[in-house]
Every structure is written in C-alpha cells, then in structure tokens.
Amino acid sequence: VMKILVTGGAGFIGSHTCVELLEAGHDVVILDDLSNASGTVIDKIETITGKRPAFYQADAKDRTVLHEIFTAHRIDAVVHFAGFKAVGESCHIPLAYYRNNLDSTLALLEEMAQAGCTRFVFSSSATVYGPDNAIPYVETMPTYVATNPYGWTKVMIEQILRDYCTATPGFTAVLLRYFNPIGGHPSGLLGDDPNGIPNNLMPYIARVAAGQLDKLTIFGDDYPTPDGTCRRDYLHVVDLAKGHLKAIDYAMEHTGAEAFNLGTGHAVSVLELVNTFMEATGVNVPYVIGPRREGDLPQMWADTHKAETILGWKAEKTVADMCRASWNFVCSVKKQLCPVRNRNNKTAVSLRDGCFCCLHLVDPGGAVVRDRLPVHMGEQRDDRADAADDIEQRERHGKPELPVPRQGGHMLPLRQKDIERDDRVPQPALSEAGGPRQQCRADHAEALLCEQPQRNGAQQPGGARLATPLHN
C-alpha cells in the first residue's frame, strides 16, 4: 500500500484517478484549490470507493501547504494534475499559464526533494508534439515546438523533469502524454463538470444537449480533414485513470524520465463525435460553424505501442461508450437537482436549469402531473396532434388546460391517461430509443415546469443547425 499525493485531485481526470488508486488499495491525499472543481467531488469519491481521501484546499504553488502535507504524510509518489489547461484561453492570458503551471511544478519538486520523495507522474499532453511531427505521434519524436502557451508549459515542464532526473540519480518522472479524455465514471457521480462555460468539447456538447447552453460552436470546418473539422484521439477517462496506476507501478521499479502516450490510436473528428453522441444518447445537438480557434492543430492521434508493451496498458472503451458515460453524468447531476426527486431540497431550480430526467408540473387540482416521455431519451411525437387531443380530453372532463409552453423551450403535451394522482412509483419502461425511462414518484405538489430544448429538427435561433445522425 502506497500513499499518493494527487494535485488537482478534485478535477476531471484527477478524481477518476483517485477512485482507481483507492480501489487498488492505496491511500490518497488530494490537493486542489477548487478553482475549476467542486468540493462535493471528495464526497462522491468516498461514496464510490467507501474511503475518504485526505483533502487540502489550497494552491499547488503554496509552499507552506506543501510542506505541511509532506510533514503530515509519508508520501510515496506524486501525481501532478494541477494546472491551467485551456488551449484557447492560454493564447489570451499566457503569463497566467506560465506562472501557474511552471511554479506549481517547481514548488512540488522542491518540497519533494526536502521530503525525500522520488516518484513523480506528470500530466502532460499531446500538444508537446507541435505542428511539424508526422501522425501518429511517437514518443521518440522531438518535442521542442508548441503552437500555444498551454502546450509550451507542457514542453517546458517535461524538459525541467528530464533535467532534474539527470541531475538527481534515483528520481523518476513518468511523462504521460494525454490525448483527449472524455466520458465519466459508470456510477454517474463523476464527470467533466468545469465551473463556468466549458473550454473542452464534450462537456460543452453535453450542456447543449441538456439545454443549459443554446448551441455548440465548432471552430472551423475548413481544415485538411475528411469533413473539414479537427480530428482528435478521444479516450475514456476511466481508461486514462487506470493508466496512471500503471505509471506509478513503473515509477516504483525504474529511475529517470520516461514518456508514454495514452490514447486509443484512432482519430475522430468533431462532427463525428457530435454525431456519435446523438446516436448513443438519442439527443440532438444544435451547432454552428465558427472561425478557427487559435492554437488548434488539424489532427492528432497517438501511437500507443510503447504504453501497451512497457506499461501493459491499453484503452478498452469505444467512443460511443464515452458519449453515453458523459451523458449519464449530466443526467445524474440533473436528477440531484430535481425538486421532485429531492423533496427536502429547497434550492430553487430555474426554468433553464430545470429537471430533464423527467417532466414535472402540477395540474390545477394540485396533483403532480408526469409526462410519459423522458426528455433525455430524445423521443418525439406530433406535438400539435397530441395538444389537440389534450384540449379535447380536458374539455370533455370539464378541466382547464394545462400550462402552456414558455418561450425558449417547449413542454411535451400531456394526455389525460398520462396523469397520475396517486402515490405509486411507476415501473421503468423502455423508450422507443431503447433506453430505460427515468421516472419519479408523483406525490410532490410543487409547481415545476421543466424545459426541453427544441428537438424537432427545425432551424434554431441564430442560424444554429441540428446535426444529423451518422449512418453507416
């Protein structure tokens, strides 16, 4: 059993790695300033694993806190995730990226030296390969050119680690060059949930699908790729997290600096990812084509032979698996916010952020009304015909009309037979899309109208288009 310090351990990749470490029997200490994560992640890690990691909310550059951690805990190895990571943002605030990413690494190495800790796993990136290397990227290629400040911080830190290993016999630095991790934990408790507007593609897609954001902007469709959009090597975050365990095992048995690509070895374009998401979830994603983004390369993917042969690691999950996992996480978050599911939760839920795991509202008689169609399964029917049927049925029984749709979204109309007035828990049913319906108890008398983004294939406001599912 080892004790591992994980900086940025409340973040997307860090939290999944902490889960894998704890489930492998190791002890974990998390250092995270929560600038791009939530403290509730610590609770979720405990829920998944049954073990609560030690947690320090602080900046990884803070030498006082680092000294406290290494004094209080006998750290066997460090996994360093903490750092700014948005390519586009780095082009606008480069000094912040250099200061944060370089200083945190230097502070860690200095405190490790004082504590006698000699095992370091670094969260690097495929951006270190720059624009000139041939694809697929191989670890032996030169990494002295980057196309953006974020990438340059990774190039510089890798060089710092190589130099330090040369000057410090017995020190090990494993440089894990990630490609594009997406997905989430199968429990639905962990996923990519950045504060504010996401900088990465998959969480943005998921929020658009959920109606939290209006549309996806694809940065450029004139790249030299089959469909004109950038191509990337997407891998499941759980596969990536398991790669860190392999890296720690390697570090315990070797010295010096060694780089490994962690990817699938296959490229997927932005449009292909959007289409796969829709096929896997049954939810349409409106998008528009925008100008190219600074610092983006047309395509990149990994040669994974070295990780497979030396680490014994290989990505196992498909792109469809990644899409389903990402959507499962978003649905899980929304269920936690649903006032019907959480009747003791007094937090207000706005129309835009309303529950979409099912549709809830209260009819004029005070009973909870549940629509039979869950929004997230993407089921469709003729709204106008059903609306007419609803009106006819309610007039026949002398009941007023149900609430009308509000601007910015629409509510699937209810038919009289869909109304429940008792306290039964509906049995799960299969949707037309083949997935399970998530239904709630109909015993809550709080008025709530849940919005569903337009999913009828019509032109969206602002010229947004609905992507069309890909067919073989």
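Hydrogens, waters and symmetry mates are skipped; everything else that's a heavy atom, side chains included, is used.
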Nearest 0.5 Å, please: how far is CZ in Phe122 from CG in Leu108?
10.5 Å

Any donor-acceptor N/O pair, Asp233 side chain to Ala267 backbone, under 3.5 Å:
no

Run the numbers on Met202 and Asp192 for side chain to side chain contact (heavy atoms under 4.5 Å, CB included), then give the verdict.
CA-CA 8 Å; Met202 180 53 80; Asp192 198 354; 5.8 Å; no

Just so I know, are the side chains of Ile135 and Trp301 near enough to count as touching, which here means a heavy-atom distance under 4.5 Å?
yes

So, the side chain of Asn148 versus the backbone of Cys91: is there a donor-acceptor pair under 3.5 Å, distance only?
no

Distance col, row Ile13:CD1 vs Ile182:CD1, nearest 0.5 angstrom, shows 11.5 Å

For Val208 and Leu216, work out which heavy atoms get closest and say how close.
CG2-N, 3.7 Å

Do Asp222 and Ile289 have side chains that approach each other closer than 4.5 Å (heavy atoms only, starting at C-beta)?
no

Answer yes or no: is there a donor N or O on one side and an acceptor on the other, between the side chain of Thr7 and the main chain of Ala82, under 3.5 Å?
yes

Does Asn195 offer a backbone N or O that forms a donor-acceptor pair with the side chain of Asn36 under 3.5 Å?
yes

Going from OG on Ser326 to CD1 on Ile205, what distance comes out if it is rounded to the nearest 0.5 angstrom?
8.5 Å

So, Lys242 and Asp239, do they make that salt bridge, N to O below 4.0 Å?
no

Looking at Tyr287, I'd like to know if the NZ or CZ of Lys215 sits under 6.0 Å from its six-membered ring centre while staying within 45 degrees of the ring's axis.
no

From CD (Gln159) to OG1 (Thr143), nearest 0.5 Å:
7.5 Å

Side-chain heavy atoms of Pro194 within contact of Asn200, under 4.5 Å:
no

Is the shortest side-chain heavy-atom distance between Cys18 and Ile4 below 4.5 Å?
no

Does atom CZ of Arg292 have more than 12 heavy-atom neighbours from other groups under 6.0 Å away?
yes

Is the backbone of Pro142 close enough, under 3.5 Å, to the side chain of Asn133 for a donor and an acceptor to pair up by distance?
yes

Scanning both residues in full, the closest heavy-atom pair of Val283 with Phe277 reads O-CD2, 4.4 Å

Look only at the side chain of Asp221 and the backbone of Gly228, and say whether a donor-acceptor pair between them is shorter than 3.5 Å.
no

In this structure, CD1 of Ile48 is separated from OG of Ser15 (nearest 0.5 Å) by 8.0 Å

Would Arg177 pass as a cation-pi partner of Tyr129, given that its NZ or CZ must be under 6.0 Å from the six-membered ring centre and within 45 degrees of the axis?
yes

Flag the pair Tyr178 / Ser123 as yes when at least one side-chain heavy-atom distance between them is below 4.5 Å, and no otherwise.
yes

Please report whether the ring centroid of His244 lies less than 6.0 Å from that of Phe81.
yes

Give a yes or no answer on whether the side chain of Thr225 reaches the backbone of Thr229 with a donor-acceptor pair at less than 3.5 Å.
yes

When you compare the side chains of Asn261 and Thr304, does any donor N or O come within less than 3.5 Å of an acceptor on the partner?
no

Arg207 bridged to Asp193 by N-O distance under 4.0 Å
yes

Are the side chains of Trp152 and Thr147 in touch, meaning some heavy atoms are under 4.5 Å apart?
no

Between Leu245 and Thr17, what is the shortest heavy-atom contact and its length?
CD1-O, 4.5 Å

Walk me through it: do Phe260 and Leu311 pass the test side chain to side chain contact (heavy atoms under 4.5 Å, CB included)?
CA-CA 9 Å; Phe260 296 94; Leu311 296 183; 3.8 Å; yes

Going through the distances and angles, do His80 and Thr105 end up as a side-chain hydrogen bond (donor to acceptor under 3.5 Å, both in side chains)?
CA-CA 8 Å; His80 183 33; Thr105 304; 3.2 Å; yes

Asp43 side chain to Thr40 side chain, donor-acceptor N/O pair below 3.5 angstrom
no

salt_bridge(Arg293, Asp296) N-O dist < 4.0 Å
yes

Starting from the C-alpha separation in whole Å, work towards a yes-or-no answer on side chain to side chain contact (heavy atoms under 4.5 Å, CB included) for Met300 and Tyr137.
CA-CA 7 Å; Met300 60 173 68; Tyr137 294 145; 3.4 Å; yes

Taking atom NE2 of His305 as the centre, does the number of heavy atoms from other residues, nucleotides or ligands within less than 6.0 Å exceed 12?
no

For the residue pair Phe179 and Tyr234, is the inter-centroid distance of their aromatic rings smaller than 6.0 Å?
no

Minimal non-hydrogen separation, Ile157 against Leu102, with atom names
CG1-CD2, 3.5 Å

Non-hydrogen atoms of Phe329 and Leu189 that approach each other most closely:
CE1-O, 3.6 Å

Atom NZ of Lys306 with >12 non-hydrogen neighbours under 6.0 angstrom
yes

Using the side-chain hydrogen bond (donor to acceptor under 3.5 Å, both in side chains) rule, take Gln299 and Arg231 through it: C-alpha gap first, then chi angles, then the decisive distance, then the call.
CA-CA 4 Å; Gln299 53 190 349; Arg231 302 174 74 205; 3.0 Å; yes

Please check if any side-chain donor atom of Tyr56 sits under 3.5 Å from a side-chain acceptor atom of Asp62, or the reverse.
no

Without swapping roles, check the side chain of Asp32 against the backbone of Ala10 for a donor-acceptor pair under 3.5 Å.
yes

Could you tell me whether Lys154 and Glu158 have a side-chain N and a carboxylate O separated by less than 4.0 Å?
no

Nearest heavy atoms of Ala209 and Val285, plus distance in Å:
CB-CG2, 4.2 Å

How far apart are the C-alpha atoms of Phe171 and Cys165, what are their side-chain angles, what is the distance that settles it, and do they pass the side chain to side chain contact (heavy atoms under 4.5 Å, CB included) test?
CA-CA 6 Å; Phe171 191 88; Cys165 286; 3.7 Å; yes

Distance col, row Thr49:OG1 vs Lys44:NZ, nearest 0.5 angstrom, shows 14.0 Å

Within the structure provided, determine whether Ile218 and Val288 are in side-chain contact (heavy-atom separation under 4.5 Å).
no

Polar side chain donor-acceptor pair, Tyr150 to Glu89, under 3.5 angstrom:
no

Any donor and acceptor pair, going by atom type alone, linking the side chain of Asp321 with main-chain N or O of Thr318 inside 3.5 Å?
yes

Check: Val6 and Leu21 side chains under 4.5 Å, non-hydrogen atoms:
yes

Classify the angle between the aromatic ring planes of His185 and His16 as parallel (below 30°), tilted (30 to 60°) or perpendicular (above 60°).
tilted

